[in-house]
Amino acid sequence: MSGGAPITDKPIRLLLADDQQLLRTGFRMVLGTEPDLDIVGEAGDGVEAVDLARRLLPDVVLMDIRMPRLDGVAATRAIVTARLPVRVLILTTFDLDEYVVGALRAGASGFLAKDVPATDLVSAIRTVAAGEAVVAPRILRRLLDNWAHALPDPDATPPRDLAALTDREREVLVQVARGQSNAEIAKELRVSETTVKTHVGHLLTKLNLRDRVQAVVLAYETGLVRPGL
């Protein structure tokens with residue numbers, strides 16, 4: 001069932017946060033078979049999730065979006081605001097636009113539907129633990145399609161937020177927003193993957209963004225790219 005980023009010698013420490021015991025048991029059964037994944041705790045609500053994240057410092061929290069006392073968005077925001085070395089991967093049956101936007105703006109590193117195949121879930125966990133970001137294609141595509149009417153004209157003057165970027169960094173941001181990997185961007189722009197990684201790092205720093213997911217959101221919000229273009 002292995003997939004995604006390479007398996008490392010050090011296990012990825014996971015915290016499961018979901019108010020349904022049955023689902024947590026299911027995740028434990030599926031993920032427990034992976035040699036590089038170590039489930040270190042379970043939380044039944046958002047408050048408990050934040051508390052355990054502080055105490056256990058897992059690498060990744062699998063976070064339900066709807067939980068008692070504190071929902072997944074608020075819990076994610078609390079974890080990110082506390083600057084914990086913890087990344088959050090949202091799992092939900094409610095892939096509604098407001099939840100996606102809220103979770104990503106709160107600092108989540110990924111957003112997947114709960115019906116995602118087990119291989120994709122494992123891959124996403126490894127990707128997020130490695131410092132990258134993941135959003136289910138169907139969710140991102142529908143979200144961006146729904147945003148289209150509210151986005152500014154990309155042919156207009158580049159927004160001030162992007163003024164600090166070089167032309168090449170802006171090109172890389174466009175490719176990132178289209179869901180391209182570093183390897184795909186390197187091939188498209190005819191540069192090395194190392195060069196692309198450097199450009200991505202620079203643009204994230206200049207725009208004060210946490211990861212590629214937030215870069216995608218910003219690119220669409222500012223009109224740098226539009227759905228379908």
Side-chain angles (χ1 to χ4, degrees), residues 4 11-34 37-140 142-143 146-147 210-214 216-217:
I12 298 169
R13 303 174 73 253
L14 298 175
L15 172 63
L16 307 180
D18 195 298
D19 62 335
Q20 297 186 49
Q21 174 67 49
L22 185 60
L23 285 177
R24 297 202 306 273
T25 299
F27 287 137
R28 183 177 284 277
M29 291 176 61
V30 169
L31 301 175
T33 63
E34 298 295 330
L37 302 183
D38 181 17
I39 300 172
V40 297
E42 297 184 17
D45 61 58
V47 172
E48 187 178 11
V50 174
D51 178 59
L52 289 178
R54 289 178 181 274
R55 292 196 286 114
L56 300 177
L57 295 179
D59 297 305
V60 178
V61 179
L62 294 188
M63 183 84 75
D64 186 19
I65 204 76
R66 283 188 173 179
M67 291 187 291
R69 296 210 288 170
L70 199 66
D71 65 28
V73 173
T76 297
R77 185 177 296 108
I79 290 171
V80 172
T81 301
R83 298 186 179 277
L84 301 178
V86 176
R87 300 179 71 82
V88 178
L89 176 58
I90 298 288
L91 290 176
T92 183
T93 53
F94 304 97
D95 56 341
L96 302 176
D97 298 347
E98 58 267 31
Y99 292 131
V100 180
V101 175
L104 298 183
R105 284 178 172 162
S109 296
F111 199 108
L112 298 177
K114 284 184 178 178
D115 61 359
V116 66
T119 52
D120 290 350
L121 175 57
V122 172
S123 175
I125 291 171
R126 291 178 181 146
T127 298
V128 167
E132 297 292 338
V134 177
V135 177
R138 85 180 194 206
I139 296 175
L140 184 58
R142 195 196 67 251
L143 173 66
N146 290 343
W147 273 2
R210 177 181 171 88
D211 52 36
R212 295 168 79 102
V213 170
Q214 291 192 335
V216 171
V217 172

- Query: Under a 4.0 Å N-O cut-off, is there an ion pair linking D38 with R13?
  - Reply: no

- Query: Where do V86 and A53 come nearest, in terms of heavy atoms and distance?
  - Reply: CG2-O, 4.2 Å

- Message: What I want to find out is whether R66 reaches D19 closely enough, with some N-O distance under 4.0 Å, to be called a salt bridge.
- Response: no

- Any side-chain heavy-atom pair from V60 and V88 closer than 4.5 angstrom? no

- Task: Decide yes or no on side-chain contact (heavy atoms from CB on, under 4.5 Å) for L84 and R54, but give the supporting numbers first.
- Result: CA-CA 7 Å; L84 301 178; R54 289 178 181 274; 3.8 Å; yes

- A49 and M63 have their tightest heavy-atom pair at CB-SD, 4.1 Å

- Note on the structure: To the nearest 0.5 Å, atom CD of Q21 lies from atom CG of L23 at 9.5 Å

- Can you name the closest pair of heavy atoms from V40 and L56 and give their distance? O-CD1, 3.6 Å

- Query: Do the side chains of L91 and D64 get nearer than 4.5 Å, heavy atoms only?
  - Reply: no

- Item | Non-hydrogen side-chain atoms of D71 and I65 separated by less than 4.5 Å | no

- Residues R24, D18; criterion salt bridge (Lys or Arg N to Asp or Glu O under 4.0 Å); working and verdict: CA-CA 6 Å; R24 297 202 306 273; D18 195 298; 5.7 Å; no

- Message: Using a strict threshold of under 4.0 Å (side-chain N to carboxylate O), is an ion pair present between R126 and E34?
- Response: yes

- Less than 4.5 Å apart, any side-chain heavy atom of L31 and any of L121? yes

- Tightest non-hydrogen contact, residues V47 and D45, listed as N-OD1, 3.0 Å

- For the side-chain contact (heavy atoms from CB on, under 4.5 Å) test, which of T76, V134, L62 pairs with I90? T76

- Apply the side-chain contact (heavy atoms from CB on, under 4.5 Å) test between F27 and each candidate in L14, L16, L22; give the one that qualifies. L16

- Apply the test side-chain contact (heavy atoms from CB on, under 4.5 Å) to residues D120 and L112: give CA-CA distance (whole Å), side-chain angles for both, the deciding distance (0.1 Å), then the verdict. CA-CA 9 Å; D120 290 350; L112 298 177; 5.9 Å; no

- If you round to the nearest 0.5 Å, how far is CD of E42 from CG of L52? 10.0 Å

- Task: Provide the closest heavy-atom pair for P85 versus L57 in the form atom of the first, atom of the second, distance.
- Result: CD-CD2, 3.8 Å

